[in-house]
Amino acid sequence: MLAATGSAVGLGNIWKFPYITGENGGGAFVLVYLFCIAAIGIPIMMAEVMLGRRGRQSPVNTMAYLAKEAGSHKVWKYLGWMGVVAGFLILSYYSVIAGWATAYVFRAASGVFVGQTADGIGSLFNDLISDPEKLLAWHTIFMVSTMLVVSRGVTHGLEKAVRFLMPSLFILLLVMVGYALNSGSFSEGVDFLFTFNFDALTAQGVLIAMGHAFFTLSLGMGAIMVYGSYLDKEISVAKTSMGIACADTAVALLAGLAIFPIVFASGLEPGSGPGLIFNTLPIAFGQMLGGTFFGTLFFVLLVFAAWSSAISLIEPLVAWLIEKKGMTRIRASVWSGMITWVLGIGTVLSFNNWAENKIYGMTFFELVDFLTANIMLPLGGLLIALFAGWVMKREHSKDELAIGSTLWFQLWLFLVRFVTPIGVIVVFLNALGLF
Ligand code: PHE
């Protein structure tokens, strides 16, 4: 459970959630996101944990094995495959952004934020992202350190780190929210996050909110399945899944509450994009008492949160290379790390030299993000729901979930059989303008 929480809580909560909320007009977007977590995310997380625990192998092999057990077709293993591809595509840009956070550890520690205006903080950020060499260096550092850990095996040490990391991150976010409370624009921030202005929400926005529910809970690509395969038989899948979803959502909302008051107090744009946290939080660190300390600690924790997510993004690929290709763990890690690193160069350049090169109106980074978070993960989740709800034998899912009361089991079954698949399909069609 700790490792899965480590996977769920990451850049998605603190970096991505605030900026996509800002870009999609706030409150109504948040409402759709929360609804998707409850009605789609939690049931799918239960399904994924359950499949992992029953299969006890890498996602590709788990799906092949479970399909056989249910007397169904081998094609289901391609679901595991799609997850492998999605994970490494996501990690390619995740590592670049985690690199920004790493750079900010050193910036915070050196005290450059102290006494800066919002403009000054903004130009510090622009200096970083407009320099491909710097970005490449930080991306490399993050990638190498992630793969060093992956090469030594997943569970080793990860749980201990998460046990310390999550409460610390939580407390530090509370400190930030405390600062925001006194920033003079707290109520504006709260209004932005929780006033449902449906006019600001587009069909694309709904797709992004749903995609983010998958992204932030690490669903639809096998990461949670891998951790499910390590889960003890006695532990309740339902409680575990709900616990993870609640912790994850709480972190995201706290991040929003910390960031938006600064946005309004400093006259910044909520929709200014992926740089949002780097343009806002340092203003607070530059002004608050003990800001150099809190700022450094905050970015250290953010890097660790990113790192525990990064491990789970690449683990399905590494596990598969070991199981199917007979590689050693070290060799598998080196290969996976290298291809991910190379692809990440596309994201590095998306913020400078390639910023104007658009494919379907998106930079390389935006395209990879869109394809993974908004297409591949929901599609993976849809297939997982269909498999758990329709293909797997009822007595098997009932036995694995062991919810106790039949009523709760029926509710879960109803959600994965109907609500989740129909929900995902309707959102897809809606975004295509067909619905
Ligand atoms: N959930 C992670 C985050 O919010 C990202 C992630 C997605 C990790 C998919 C694993 C799988 O940052």
Side-chain angles (χ1 to χ4, degrees), residues 1-21 33 36-37 40-42 44-45 48-49 52 58-59 79-80 82-101 142 146 149-150 154 158 162 165-166 169 173 208-228 241 244-256 274 277 301-319 336 340 368-381 384:
M1 167 160 188
L2 282 168
T5 312
S7 166
V9 175
L11 295 174
N13 307 62
I14 293 172
W15 159 74
K16 195 174 184 194
F17 170 73
Y19 96 73
I20 58 176
T21 299
Y33 154 78
C36 290
I37 294 277
I40 300 180
I42 294 178
I44 293 193
M45 183 176 275
E48 234 188 284
V49 173
S58 74
L79 171 55
M82 188 169 73
V84 166
V85 175
F88 113 84
L89 288 176
I90 294 175
L91 184 57
S92 78
Y93 75 76
Y94 206 83
S95 165
V96 176
I97 311 294
W100 300 358
F142 185 81
T146 303
V149 179
V150 172
V154 194
L158 181 61
V162 172
L165 169 74
M166 288 304 146
L169 191 62
L173 280 170
I208 295 172
M210 179 183 75
H212 189 63
F214 285 94
F215 184 89
T216 191
L217 295 177
S218 306
L219 295 177
M221 52 74 68
I224 293 295
M225 215 183 267
V226 169
Y227 290 139
S241 306
I244 296 170
C246 287
D248 186 82
T249 308
V251 171
L253 293 178
L254 281 180
I277 66 163
L301 292 174
L302 184 60
V303 171
F304 273 106
W307 167 82
S308 61
S309 302
I311 292 174
S312 70
L313 281 165
I314 203 68
E315 187 58 26
L317 175 59
V318 172
S336 320
T340 315
V368 176
D369 179 39
F370 184 83
L371 281 179
T372 51
N374 301 338
I375 311 284
M376 293 174 89
L377 298 186
L379 197 60
I384 287 169

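When a ligand or atom number is given, it counts from 1 through the structure's own listing order.
Ser308 meets the side chain to side chain donor-acceptor pair (under 3.5 Å) test with no other residue; sequence neighbours excluded. Residues passing the side-chain contact (heavy atoms from CB on, under 4.5 Å) test with Leu254 are Phe170, Leu173, Leu174, Val177, sequence neighbours excluded. Every side-chain contact (heavy atoms from CB on, under 4.5 Å) that Ser309 has, sequence neighbours left out, goes to Tyr94.
Using cut-offs of 30° and 60° on the angle between ring planes, the pair Trp307 and Phe304 is perpendicular.
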Ligand 1: protein N/O within less than 3.5 Å of ligand N/O:
from: ligand 1; atom 1: 1 (N); to: Ser7; atom 2: O; distance (Å): 3.2
from: ligand 1; atom 1: 1 (N); to: Ala8; atom 2: O; distance (Å): 3.0
from: ligand 1; atom 1: 1 (N); to: Phe215; atom 2: O; distance (Å): 2.8
from: ligand 1; atom 1: 1 (N); to: Thr216; atom 2: O; distance (Å): 3.1
from: ligand 1; atom 1: 1 (N); to: Ser218; atom 2: OG; distance (Å): 3.0
from: ligand 1; atom 1: 4 (O); to: Ala8; atom 2: O; distance (Å): 3.0
from: ligand 1; atom 1: 4 (O); to: Gly12; atom 2: N; distance (Å): 3.3
from: ligand 1; atom 1: 4 (O); to: Asn13; atom 2: OD1; distance (Å): 3.3
from: ligand 1; atom 1: 12 (O); to: Leu11; atom 2: N; distance (Å): 3.1
from: ligand 1; atom 1: 12 (O); to: Gly12; atom 2: N; distance (Å): 2.7
from: ligand 1; atom 1: 12 (O); to: Tyr94; atom 2: OH; distance (Å): 2.5

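A donor-acceptor distance shorter than 3.5 angstrom exists from the side chain of Asn13 to the backbone of Asp248, with no hydrogens or angles considered.
Between atom CG of residue Leu91 and atom OG1 of residue Thr340 there is a gap of 5.0 Å, rounded to the nearest 0.5 Å.
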